[in-house]
Structures are given as C-alpha cells and as structure tokens.
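Have a look at the structure below before the remarks.
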Amino acid sequence: MATSERRKGERVIFERGFSAHMMGIDGTWRRECTMEDVSETGAKLTVEGSVEGLHLKEFFLLLSSTGLAYRRCELSWVNGDQIGVNFIKTGAKLKKAKRSQEADA
C-alpha cells in the first residue's frame with residue numbers, strides 16, 4: 001500500500017526536504033534526517049545513517065536547531081533509508097492518565 005493511501009489527512013510535500021534530527025527519548029542517540037512530507041498525523045523521513053539497533057518505538061523529531069520545536073513520534077514503517085512516523089498526541093495520554101487517577105480517587 002502506498003504511503004499516500006495509509007496516511008489520513010492532507011500532507012505537505014517539501015520539494016527539497018526539510019532538515020531535522022531524530023533523538024531518542026532518553027537522549028542516548030541522535031540522527032540527522034530530512035522530512036520529505038508531513039501531515040497532521042505523521043511524516044515521511046529520510047534518515048542519514050543506520051537506524052538498526054535504535055529504539056524507535058518512541059522518539060523525538062527535532063524541527064529546530066535549538067530543540068524548541070519538536071514532535072514526539074513512533075515508527076510506522078521502514079523502506080530502506082526512509083521511515084514513516086506517527087505523531088504521538090501527548091494531550092490524549094494526559095487526559096487518559098487524569099481520568100484513571102480520578103477513577104482511583
């Protein structure tokens with residue numbers, strides 16, 4: 001199935017790509033990457049270097065050199081040096097945790 005068929009919502013395609021970095025949640029690894037396209041729910045990245053052995057269940061996609069603009073991601077698919085990522089919505093996790101705490105109280 002093609003990427004465009006899997007992704008929900010409209011996507012923006014970057015003609016020359018957008019330079020970014022991937023970084024492990026715990027900060028133990030970092031890779032340069034190029035964001036090829038992006039939508040509200042995810043992105044397609046071309047990764048520099050191998051992703052073998054990296055914990056890609058959850059990681060940060062750093063969109064600025066200072067790290068102030070970022071998205072929390074999880075791996076969706078791999079095709080050679082390209083990967084698809086889904087953006088994790090932290091608001092949904094927080095609401096779920098809050099409901100759980102309220103139910104326990």
From CA spacing to verdict: side chain to side chain contact (heavy atoms under 4.5 Å, CB included), Val38, Phe14: CA-CA 8 Å; Val38 65; Phe14 299 105; 3.7 Å; yes

Start with the C-alpha gap between Ile88 and Glu58, add the side-chain angles, then the distance that decides, and say whether side chain to side chain contact (heavy atoms under 4.5 Å, CB included) holds. CA-CA 8 Å; Ile88 299 172; Glu58 198 169 327; 3.5 Å; yes

Assess whether side chain to side chain contact (heavy atoms under 4.5 Å, CB included) is satisfied between Val51 and Leu56, documenting all intermediate values. CA-CA 8 Å; Val51 295; Leu56 294 174; 3.9 Å; yes

List the steps, then state whether side chain to side chain contact (heavy atoms under 4.5 Å, CB included) holds for Ser76 with Asn86. CA-CA 6 Å; Ser76 176; Asn86 293 321; 3.7 Å; yes

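Cluster partners of Leu68: none. The rule joins Ile, Leu, Val, Met, Phe, Trp and Tyr whenever side-chain heavy atoms lie under 4.5 Å apart, and it links nothing here.
Checked against salt bridge (charged side-chain N to carboxylate O under 4.0 Å, His left out), Glu48 has no partners two or more places apart in sequence or in another chain. Legend: residues meeting side-chain hydrogen bond (donor to acceptor under 3.5 Å, both in side chains) with Ser50, ordered by chain and number and at least two apart, are absent. Considering only residues two or more places apart in sequence or on other chains, Thr46 meets the side-chain hydrogen bond (donor to acceptor under 3.5 Å, both in side chains) condition with Glu36, Gln82.
To the nearest 0.5 Å, atoms CZ (Arg31) and CD1 (Ile83) are separated by 11.0 Å. One distance of note links CD of Glu32 with CG of Leu62; it measures 11.5 Å at 0.5 Å rounding. Atoms CZ and CD1, from Arg11 and Ile13 in turn, are 4.5 Å apart once rounded to the nearest 0.5 Å.
Annotation for Trp77 and Leu75: closest pair O-CD1, 3.5 Å, computed over non-hydrogen atoms. Nearest approach of Phe87 to Ser39, heavy atoms of both residues: CE1-O, 3.4 Å. Scanning all heavy atoms of the two residues, the minimum distance from Cys73 to Leu61 falls at SG-CB, 3.7 Å. What you find for Ala69 and Ser64 is that their closest heavy atoms are N-OG, 3.2 Å.
Within the structure, the ring-ring contact (aromatic ring centres under 6.0 Å, His included) test picks out the following pairs touching residues 22-69 (sequence neighbours left out): Phe60-Tyr70.
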Contacts table for residues 17-27: side-chain donor-acceptor under 3.5 angstrom, sequence neighbours left out:
unit_1 : atom_1 : unit_2 : atom_2 : d
Asp26  : OD1    : Thr28  : N      : 3.1
Asp26  : OD1    : Thr28  : OG1    : 2.8
Asp26  : OD2    : Thr28  : OG1    : 3.4

